[in-house]
Structure formats: C-alpha cells, structure tokens
Enquirer: 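Here it is: the structure, laid out below.
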Amino acid sequence: MNEKYMEALAQYDLTADSVRKGRSGWICETSQGTMLLQEYRGTMKRLEFETQVLGQVRQSGLLQVDDYIRTAEGELISLSEDGTRYTLKHWYTGRECNIRDHREVKQAVGKIAVLHQVLKKIPRQEDWSLGSIAVETATEEMERHNQELKRARNFMKNKRRKTDFERCALTNFPTFFSQAQEAAKGMAALDGEYADTAPVLCHGDLDQHHMVIEEKCTAIIEYHKMHLGNQMTDLYHFVRKVMEKHEWNQKLGLELLAAYDRVSPLTERDRESLYYLFLYPEKYWKQINFYMNANKVWIPARNLEKLKGLESQTEQRNRFLAVIK
C-alpha cells in the first residue's frame with residue numbers, strides 16, 4: 001500500500017486489519033467493519049450535504065448506505081503529507097443486484113421505495129443551494145434531447161452516402177420522435193399542474209450497479225448525483241434497465257410498480273410521471289447522441305444492433321405503455 005494512503009487512514013479512530021485495492025479506492029477491513037478509502041476531488045459543501053443526508057438515512061435504521069466516517073479530529077477529509085484529500089465511508093462487498101432475477105429485482109424496488117420514504121422526511125436546508133443539487137427537470141432534459149434529435153435528423157438527411165446505421169435511424173425517427181414530443185409535452189403539463197410542489201431528494205443515478213446485496217442486507221450506494229427533483233426518475237431508471245433485459249415483460253413491469261406501491265404508495269402524479277418517462281425513447285436518443293459525438297465515418301456494428309434491437313422491442317414496449325397509461 002502506498003505510504004500516503006496509510007497516512008490518510010491513520011487519521012481515523014480505527015484499526016485496519018487488511019487493505020486491498022478496490023472500487024475506485026482501497027477497501028479496508030477494520031475494527032468497525034468494511035470501509036472504503038477514496039481520494040476526494042469534490043467541494044466541501046457537496047461532501048457536507050451528502051454526509052448530512054446519508055447520516056439521517058442510516059439513523060432511520062431502515063436502510064444501509066455508504067455514509068462517511070469522520071477522522072479522530074472530527075473532520076470529513078483526511079490529508080496525506082502531499083495535500084491529497086481522502087474520505088472514508090462504510091462499504092459493502094456483496095454482489096450487484098441481478099436484474100435477470102425476478103424475485104431479486106422486486107426486492108430491490110422495495111428498497112428504492114424505502115429510500116424514497118426516508119428521503120422525503122429529511123427537511124430541506126437553506127445551505128443546499130448548490131448547482132449539483134438543483135439539476136434540470138425531466139421536462140428540461142426531454143426538451144434538450146428533442147433539439148439534439150432534430151439536429152441529428154437534419155445532419156443525417158443531408159448526407160449523400162448514408163451508412164446502415166443512418167438509414168435505420170432515419171427510418172425509425174418519425175415513430176420515436178413523435179413519442180419524444182408527446183412525453184415532453186405531457187411532462188411539461190404535469191410540471192405546470194404541480195408547480196407549487198417542492199422537489200424532494202432523489203438518489204440521481206439508480207441502477208443495478210448501486211444495489212449491493214450481502215447475506216444480511218441490501219445496501220444502496222454512491223450518492224454523488226443526489227439532488228432535489230422527482231423521485232420517479234429513480235424508479236424509472238432502475239425499472240427501465242430491468243424491462244430492457246426482459247423484453248418489456250408486461251407482467252414483470254406491473255409487479256415491479258406494485259412492489260414499490262406497497263411500500264410507498266404511488267400518487268396520480270407519480271403514475272403520470274412514470275408514463276411520460278417510459279414513453280420517452282431514451283435508448284434511441286442515446287444511440288443518436290453517441291453517433292453525433294463519435295467518428296461518423298466508422299460506426300461500430302454493435303450500435304446498429306442496438307438500434308435494430310429497439311425495433312424488435314417496440315411492440316412489447318408499446319403494450320407496457322398502454323397498461324400503465
């Protein structure tokens with residue numbers, strides 16, 4: 001182990017029995033359990049925000065999270081001799097959620113509902129005025145993506161010699177762009193209807209990689225994108241990943257929403273938000289966005305396969321949209 005990391009670890013009131021390289025840092029088996037020591041490049045305000053929120057989540061006793069440990073001097077940051085900053089937090093070495101396992105994903109959705117319930121009860125603080133906390137709304141993101149789709153469509157239409165990817169993208173454009181416009185319009189109407197409703201805390205980056213399953217618990221980790229917004233975006237991102245792997249299995253999708261609803265009842269606004277989030281063709285936009293930001297002379301065959309895969313799932317996806325509308 002490099003000496004400067006040992007300098008940082010020595011500032012905590014614990015004993016490290018072993019240290020090994022791990023997920024973007026050093027996994028430490030200590031007298032107080034498994035910890036993760038990481039170099040920290042963010043702001044102190046952001047770190048204090050995450051510490052305050054995650055501390056309250058842990059205190060609820062309802063969920064395991066990777067909250068931060070203070071040094072023996074009560075500091076959130078430990079410094080090596082060369083000035084490098086480090087944080088230490090609780091860590092979990094289990095496996096990621098298996099999104100191909102129906103039972104496991106339903107349990108994971110229940111944990112997301114628990115997290116959302118706890119986050120809703122945490123009062124908003126005046127010192128949370130950070131850019132990373134007040135992010136763009138789903139409506140703003142959809143409208144921005146729609147502008148990008150139009151620019152991409154115009155670019156591809158004006159090309160004389162089109163690749164297979166470009167021809168496939170243009171063929172599918174009317175269908176997907178129509179859904180994109182409807183989703184943005186519907187979400188904007190919801191924003192107007194509930195303009196007086198304050199945003200709440202969201203995880204901000206929820207997928208199977210952030211759900212860690214151990215023998216005695218399931219932990220939700222990595223809150224670097226936590227912000228104030230619509231919690232349905234968390235649920236949508238996780239469930240969409242699952243649905244894509246399961247060919248938009250309607251029965252499974254409804255079971256996942258029901259698993260969430262049992263723990264944290266879905267309001268009419270929640271259900272409408274979910275419909276418009278699922279309606280937006282995010283996977284299509286991602287492929288187009290990749291194309292526009294990559295080398296357009298050579299497009300990986302894998303990207304064309306993904307685009308064609310969207311075609312094959314369209315009917316099943318539309319059926320799921322119809323039952324949640």
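If you're wondering where the values come from, they're calculated on a predicted model, not measured in any experiment.
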Enquirer: When you measure from the side chain of Ser178 to the backbone N and O of Thr175, does any donor-acceptor pair fall under 3.5 Å?
Expert: no
Enquirer: Is there a path from Val114 to Ile213 through hydrophobic residues (I, L, V, M, F, W, Y) whose side chains come within less than 4.5 Å of each other?
Expert: no
Enquirer: Without swapping roles, check the side chain of Thr233 against the backbone of Gly229 for a donor-acceptor pair under 3.5 Å.
Expert: no
Enquirer: Arg167: what forms a salt bridge (charged side-chain N to carboxylate O under 4.0 Å, His left out) with it, not counting sequence neighbours?
Expert: Asp164
Enquirer: Would you find a donor on one side and an acceptor on the other, under 3.5 Å apart, between the side chain of Thr71 and the backbone of Glu75?
Expert: yes
Enquirer: How would you list all residue pairs meeting ring-ring contact (aromatic ring centres under 6.0 Å, His included) that involve residues 58-88, not counting sequence neighbours?
Expert: Tyr5-Tyr86
Enquirer: Does Gln287 reach the main-chain N or O of Leu307 with its side chain, forming a donor-acceptor pair under 3.5 Å?
Expert: no
Enquirer: Checking the side chain of Gln231 only, and the main-chain atoms of Leu201 only, is there a donor and an acceptor separated by less than 3.5 Å?
Expert: yes
Enquirer: Listed by chain and number, what are the ring-ring contact (aromatic ring centres under 6.0 Å, His included) partners of His210, not counting sequence neighbours?
Expert: His203
Enquirer: Measuring from atom CZ of Arg317 to atom CH2 of Trp248, what distance do you get when rounded to the nearest 0.5 angstrom?
Expert: 5.5 Å
Enquirer: Looking at residues at least two apart in the chain, or sitting in another chain, which of them share a ring-ring contact (aromatic ring centres under 6.0 Å, His included) with Tyr280?
Expert: none
Enquirer: Examine distances only and state if a side-chain atom of Asp261 and a backbone atom of Leu257 form a donor-acceptor pair shorter than 3.5 Å.
Expert: no
Enquirer: Quick one, Lys106 with Glu255, criterion side chain to side chain contact (heavy atoms under 4.5 Å, CB included). Give me CA distance, side-chain angles, the key distance, then yes/no.
Expert: CA-CA 7 Å; Lys106 283 185 275 189; Glu255 288 175 349; 3.2 Å; yes
Enquirer: Any donor and acceptor pair, going by atom type alone, linking the side chain of Asp234 with main-chain N or O of Cys202 inside 3.5 Å?
Expert: no
Enquirer: How far apart are the C-alpha atoms of Thr51 and Asp67, what are their side-chain angles, what is the distance that settles it, and do they pass the side chain to side chain contact (heavy atoms under 4.5 Å, CB included) test?
Expert: CA-CA 6 Å; Thr51 301; Asp67 53 322; over 6 Å; no
Enquirer: Can Arg85 and Glu39 be counted as an ion pair, charged N to O under 4.0 angstrom?
Expert: no
Enquirer: In terms of hydrophobic clustering (I, L, V, M, F, W, Y; side-chain heavy atoms under 4.5 Å; direct or indirect links), are Ile112 and Val118 co-clustered?
Expert: yes
Enquirer: Is the number of heavy atoms from other residues, nucleotides or ligands within 6.0 Å of NZ (Lys120) greater than 12?
Expert: yes
Enquirer: Can you confirm whether the side chains of Glu166 and Tyr291 place a donor and an acceptor under 3.5 Å from each other?
Expert: yes
Enquirer: Grouping I, L, V, M, F, W and Y whenever their side-chain heavy atoms are under 4.5 Å apart, do Val135 and Tyr223 come out in a common cluster?
Expert: no
Enquirer: I'd like to know if the side chain of Gln11 reaches the main chain of Glu7, judged simply by a donor and an acceptor atom lying under 3.5 Å from each other, with no hydrogens or angles considered.
Expert: yes
Enquirer: When you measure from the side chain of Gln179 to the backbone of Phe176, do you find a donor-acceptor pair of N or O atoms at a distance under 3.5 Å?
Expert: no
Enquirer: Name all pairs fulfilling the ring-ring contact (aromatic ring centres under 6.0 Å, His included) condition that reach into residues 113-138, sequence neighbours left out, sorted by first residue then second.
Expert: Phe49-Trp128, His116-Tyr260
Enquirer: To the nearest 0.5 Å, how far apart are CG in Asn318 and CG in Leu279?
Expert: 8.5 Å
Enquirer: Will you find, in the side chains of Asn154 and Asn158, an N or O donor that is under 3.5 Å from an N or O acceptor?
Expert: no
Enquirer: With rounding to the nearest 0.5 angstrom, report the NZ to CD distance, Lys306 to Glu311.
Expert: 16.0 Å
Enquirer: Output yes when Glu140 and Arg144 qualify as a salt bridge under the 4.0 Å nitrogen-oxygen rule, no when they do not.
Expert: no
Enquirer: Under the 4.5 Å side-chain heavy-atom rule for ILVMFWY, direct or indirect, which residues accompany Ile221?
Expert: Ile27, Leu36, Trp91, Tyr92, Val212
Enquirer: Which residues pass the salt bridge (charged side-chain N to carboxylate O under 4.0 Å, His left out) test with Lys150, sequence neighbours left out?
Expert: none
Enquirer: Check residues 76-83 and write down every donor-acceptor pair under 3.5 Å in which the side-chain atom is one partner and the other belongs to a residue at least two apart or another chain.
Expert:
residue, atom, partner, partner atom, Å
Ser78, OG, Tyr12, OH, 3.2
Ser80, OG, Asp82, OD1, 2.4
Ser80, OG, Thr84, N, 3.3
Asp82, OD1, Thr84, N, 3.0
Asp82, OD1, Thr84, OG1, 2.9
Asp82, OD2, Thr84, OG1, 3.3

Enquirer: Could you pull out all residues at least two apart from His90 that satisfy ring-ring contact (aromatic ring centres under 6.0 Å, His included)?
Expert: none
Enquirer: Could you tell me whether the side chains of Gln316 and Arg319 share a donor-acceptor contact shorter than 3.5 Å?
Expert: yes
Enquirer: So, using side chain to side chain donor-acceptor pair (under 3.5 Å) as the criterion, who are the partners of Asp101 when residues are at least two apart?
Expert: none
Enquirer: Would you check if the side chain of Gln125 reaches a backbone N or O of Pro123 as a donor-acceptor pair within less than 3.5 Å?
Expert: yes
Enquirer: Quick one: do Leu170 and Phe290 end up in the same hydrophobic cluster if we chain Ile, Leu, Val, Met, Phe, Trp and Tyr together by side-chain heavy atoms under 4.5 Å apart?
Expert: no
Enquirer: For Thr43, check side chain to side chain donor-acceptor pair (under 3.5 Å) against everything at least two apart and list the hits.
Expert: none
Enquirer: Apply side chain to side chain contact (heavy atoms under 4.5 Å, CB included) to the pair Leu63 and Gln117, showing each step before the final yes or no.
Expert: CA-CA 11 Å; Leu63 198 67; Gln117 287 284 65; over 6 Å; no
Enquirer: Report the C-alpha distance between Ile69 and Met35 in whole Å, list the side-chain angles of each, state the deciding distance to 0.1 Å, and finish with yes or no for side chain to side chain contact (heavy atoms under 4.5 Å, CB included).
Expert: CA-CA 9 Å; Ile69 307 296; Met35 307 287 177; 3.8 Å; yes
Enquirer: Once ring-ring contact (aromatic ring centres under 6.0 Å, His included) is applied, do any residues pair with His224, and if so which ones, sequence neighbours excluded?
Expert: none
Enquirer: Drop me the distance from Asn230's CG to Asp270's CG, to the nearest 0.5 angstrom.
Expert: 7.0 Å
